[in-house]
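Owing to the predicted nature of the structure, the values given are computational and were not obtained by experimental measurement.
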Amino acid sequence: MTQTEQNQYILGTDREELWRLGFQHQVWSEEARKGWRNAMFTKGQTILDLGCGPGFCTTELAYIAGPDGKVIGIDKSKQYIDYLSELSKFHGLQIDLRHDDFDSM
């Protein structure tokens, strides 16, 4: 992890933190899905995921948007953007990724 990555994420972006975020996603996933249903996310939409991190929610949203929609994921961690880029390629998902700090965009 670079010094920049460490400064951008209080808990870092290493494997241990990736695992913790994955576990956290599992704990809150049903609540997130309720929110997405209430927001009426559906096929063909473009969905913005600010602070997408390693993309646990982003990938689920991309499956909801389907091949005719897409998700735009923005995160300040290059390591997480790179991880999500590989994940989206592996799954063939429509995810546009941007390495940026949305607070300063």
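I81 CD1 to T13 OG1: the interatomic distance, rounded to the nearest 0.5 Å, is 11.5 Å.
Enclosure of atom CZ in F102 by more than 12 non-hydrogen atoms of other residues, nucleotides or ligands within 6.0 angstrom is indicated. Within a 6.0 Å sphere centred on CZ of R98, other residues, nucleotides and ligands contribute 12 heavy atoms or fewer.
Classified by interplanar angle (parallel below 30°, tilted 30° to 60°, perpendicular above 60°), the ring pair H25/F56 is parallel.
By the side-chain contact (heavy atoms from CB on, under 4.5 Å) test, M40 pairs with no residue at all, sequence neighbours left out. Considering only residues two or more places apart in sequence or on other chains, E16 meets the side-chain contact (heavy atoms from CB on, under 4.5 Å) condition with D14. For S29, the side-chain hydrogen bond (donor to acceptor under 3.5 Å, both in side chains) partners are R33, not counting sequence neighbours. Every residue meeting the side-chain contact (heavy atoms from CB on, under 4.5 Å) condition with I64, not counting sequence neighbours, appears here in chain and number order: W36, F41, L61. Qualifying side-chain hydrogen bond (donor to acceptor under 3.5 Å, both in side chains) partners for Q26, counting only residues two or more places apart in sequence or in other chains: none. Partners of E86 under the side-chain hydrogen bond (donor to acceptor under 3.5 Å, both in side chains) rule, at least two apart in sequence or in another chain, do not exist in this structure.
Note on R37 versus E31: no salt bridge recorded, every NZ/NE/NH1/NH2 to OD/OE distance being 4.0 Å or above.
Nearest heavy atom pair, residue C52 against residue D75, reads N-OD1, 3.4 Å. Across all their heavy atoms, P54 and L21 have their closest contact at CD-CD1, 3.9 Å.
H99 and Y80 share no donor-acceptor pair across their side chains, judged by distance under 3.5 Å alone.
Proximity of I72 to T46: side-chain heavy atoms (C-beta onward) are separated by under 4.5 Å at one or more points.
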